[in-house]
Amino acid sequence: EEVTDDNEAHETSEKRGERSSKVDLGDGVLGWLGIYYKNAKILFLGLDNAGKTTLLHMLKDDRVAVHTPTLHPNHEELVIGNVRFQAHDLGGHEAARKMNVRRKLWKDFFTTVDGVVYIVDALDRERFPEAKKELDQLLTDEMLSNTPFLVLGNKIDLPAAVGEDELRQQLGLTDTFGKDTKPDAANGVRPIELFMCSVVRKAGIQESFQWLSQFLN
Ligand code: GDP
Ligand code: MG
């Protein structure tokens, strides 16, 4: 692993973090996430209102070089160092046909994507079936067939959020990769795992991204 400024920054913020319960994203957000990789492309997907934009903004920090072109209201991008994050809304009122057109436009991004972060609003029980349908479509997408999936059940800071077991049932994720399973035990199985989180509280984010980062080249 090469030593970059980000790595050094990571160590510093980690040391700071030991002394304080407040997460200091400081200048080492990629280190905090466990992502040291060059040219990693990570796609944030999920229904609207799941928390994708909030997560992008959380990762943004003006102490690091950040490039945020406005592409489309439901298509956002954040570049930190050599890691590119893109967020896209799925589902909603958009017709399937239109969706397919958009997928073709995204093809260039999809074919080189290193990881998918699929975010679900753990409060929005009514839309779990829709969230599952979109997730299932992604999981059967040929362009993403080897792509690791981190599924985030977001907004657990609110008492009305469902628990992990119920969300696993609702999304059909009862048989996942394992939070502690090592990548070399994957045996060609696609890594997919569910973590509960609160983006606004920065809870559960670090652990889950560190899980994902093991599968990035
Ligand atoms: P997007 O459509 O997926 O981009 O969702 P947004 O990031 O715009 O978030 C939708 C709404 O959910 C906003 O009002 C956010 O403030 C709220 N939200 C996002 N993350 C959290 C969270 O962790 N907890 C709570 N309580 N609200 C959140
Ligand atoms: Mg958004």
Side-chain angles (χ1 to χ4, degrees), residues 17 21-25 29 32-33 41-62 66-80 83-95 98-99 102-103 105-106 109-110 113 115-139 141 144 147 149-168 170-171 173 192-212:
S21 61
K22 184 174 172 287
V23 177
D24 183 1
L25 293 180
V29 68
W32 185 71
L33 296 176
K41 289 186 183 175
I42 298 176
L43 207 49
F44 294 171
L45 299 174
L47 304 183
D48 57 281
N49 207 47
K52 300 176 297 297
T53 301
T54 309
L55 180 57
L56 271 187
H57 286 183
M58 192 208 84
L59 300 180
K60 196 194 295 186
D61 186 290
D62 39 26
V66 165
H67 174 55
T68 50
T70 306
L71 299 171
H72 191 269
N74 44 20
H75 174 147
E76 297 162 291
E77 185 173 70
L78 168 66
V79 180
I80 307 174
V83 179
R84 175 173 301 184
F85 301 94
Q86 278 200 359
H88 300 270
D89 291 323
L90 300 177
H93 304 293
E94 194 154 19
K98 203 172 162 195
M99 184 67 207
R102 243 168 72 191
R103 270 176 195 245
L105 294 174
W106 298 351
F109 190 85
F110 264 52
V113 68
V116 169
V117 178
Y118 188 83
I119 309 179
V120 181
D121 181 344
L123 287 176
D124 201 349
R125 291 169 167 76
E126 279 185 15
R127 293 182 82 192
F128 289 159
E130 189 186 1
K132 180 184 190 304
K133 189 177 139 240
E134 294 290 342
L135 176 60
D136 288 346
Q137 262 178 37
L138 293 168
L139 291 173
D141 192 315
L144 299 172
T147 311
F149 269 63
L150 165 61
V151 183
L152 293 177
N154 188 27
K155 312 193 186 181
I156 56 164
D157 54 289
L158 297 175
V162 299
E164 179 170 338
D165 288 348
E166 187 183 345
L167 193 58
R168 281 183 185 278
Q170 295 282 349
L171 298 176
L173 295 176
I192 176 165
E193 193 49 77
L194 172 73
F195 288 78
M196 304 304 283
C197 75
S198 165
V199 172
V200 296
R201 296 273 170 90
K202 299 186 180 75
I205 303 297
Q206 184 177 29
E207 305 86 298
S208 57
F209 273 80
Q210 286 184 351
W211 175 85
L212 178 67

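Only this structure's heavy atoms are used, side chains among them; waters, hydrogens and symmetry mates stay out. Both ligands and their constituent atoms are indexed starting at 1 by order of listing.
- For Ser208, there are no side-chain hydrogen bond (donor to acceptor under 3.5 Å, both in side chains) partners two or more places apart in sequence or in a different chain.
- Remark: minimum distance from atom 5 (O) of ligand 1 to any protein heavy atom is reached at Gly51 N, 3.0 Å.
- Which parts of ligand 1 touch Asp48 is read off a 4.0 Å heavy-atom cut-off, strictly below it: atoms 2 (O).
- Scanning the protein heavy atoms around atom 27 (N) of ligand 1, the nearest turns out to be Lys155 CD, 3.8 Å.
- Here the side chain of Tyr118 pairs a donor or acceptor atom with the backbone of Ala131 at under 3.5 angstrom.
- Here the side chain of Arg84 pairs no donor or acceptor atom with the backbone of Val79 at under 3.5 angstrom.
- Distances shorter than 4.0 angstrom occur between a heavy atom of Ala50 and an atom of ligand 1.
- Under 4.0 angstrom from ligand 1, the non-hydrogen atoms of Val200 come from both its backbone and its side chain.
- Contact of the Val199 side chain with the His57 side chain is not registered, since no non-hydrogen atoms from C-beta on lie closer than 4.5 Å.
- Counting atoms of ligand 1 from 1 in the listed order, those under 4.0 Å from a heavy atom of Ser198 are 23 (O).
- Residue contacts with ligand 1 for Asp89 involve side-chain atoms from C-beta outward but no N, CA, C or O (heavy atoms, distance under 4.0 Å).
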### Task
Mind running side chain to side chain contact (heavy atoms under 4.5 Å, CB included) on Leu55 and Phe85 for me, showing each step along the way?
CA-CA 10 Å; Leu55 180 57; Phe85 301 94; over 6 Å; no

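- The proximity of Asn154 to ligand 1, defined as any non-hydrogen pair under 4.0 Å, is limited to the side chain.
- Comparing heavy-atom distances from atom 19 (C) of ligand 1 across Thr54, Val199, Leu158 singles out Thr54 as nearest.
- With hydrogens and angles disregarded, no donor-acceptor distance shorter than 3.5 Å links the side chain of Glu76 to the backbone of Ala87.
- Residue contacts with ligand 1 for Asp157 involve side-chain atoms from C-beta outward but no N, CA, C or O (heavy atoms, distance under 4.0 Å).
- Among all non-hydrogen protein atoms, the one lying nearest atom 3 (O) of ligand 1 is Lys52 NZ, 2.6 Å.
- Among all heavy-atom pairs drawn from Phe44 and Lys52, the shortest one is O-CD, 3.7 Å.
- Side-chain contact between Asp136 and Lys132: present, with at least one pair of heavy atoms (C-beta onward) separated by less than 4.5 Å.
- One of the N, O or S atoms belonging to Thr53 lies under 2.8 Å away from the Mg ion (ligand 2).
- At a threshold of 4.5 Å between non-hydrogen side-chain atoms, the residues Leu167 and Phe128 count as touching.
- The protein heavy atom nearest to atom 4 (O) of ligand 1 is Thr53 OG1, 2.7 Å.
- When hydrogens are left out, the protein atom nearest atom 14 (O) of ligand 1 is Asn49 OD1, 4.7 Å; that is the closest non-hydrogen contact.
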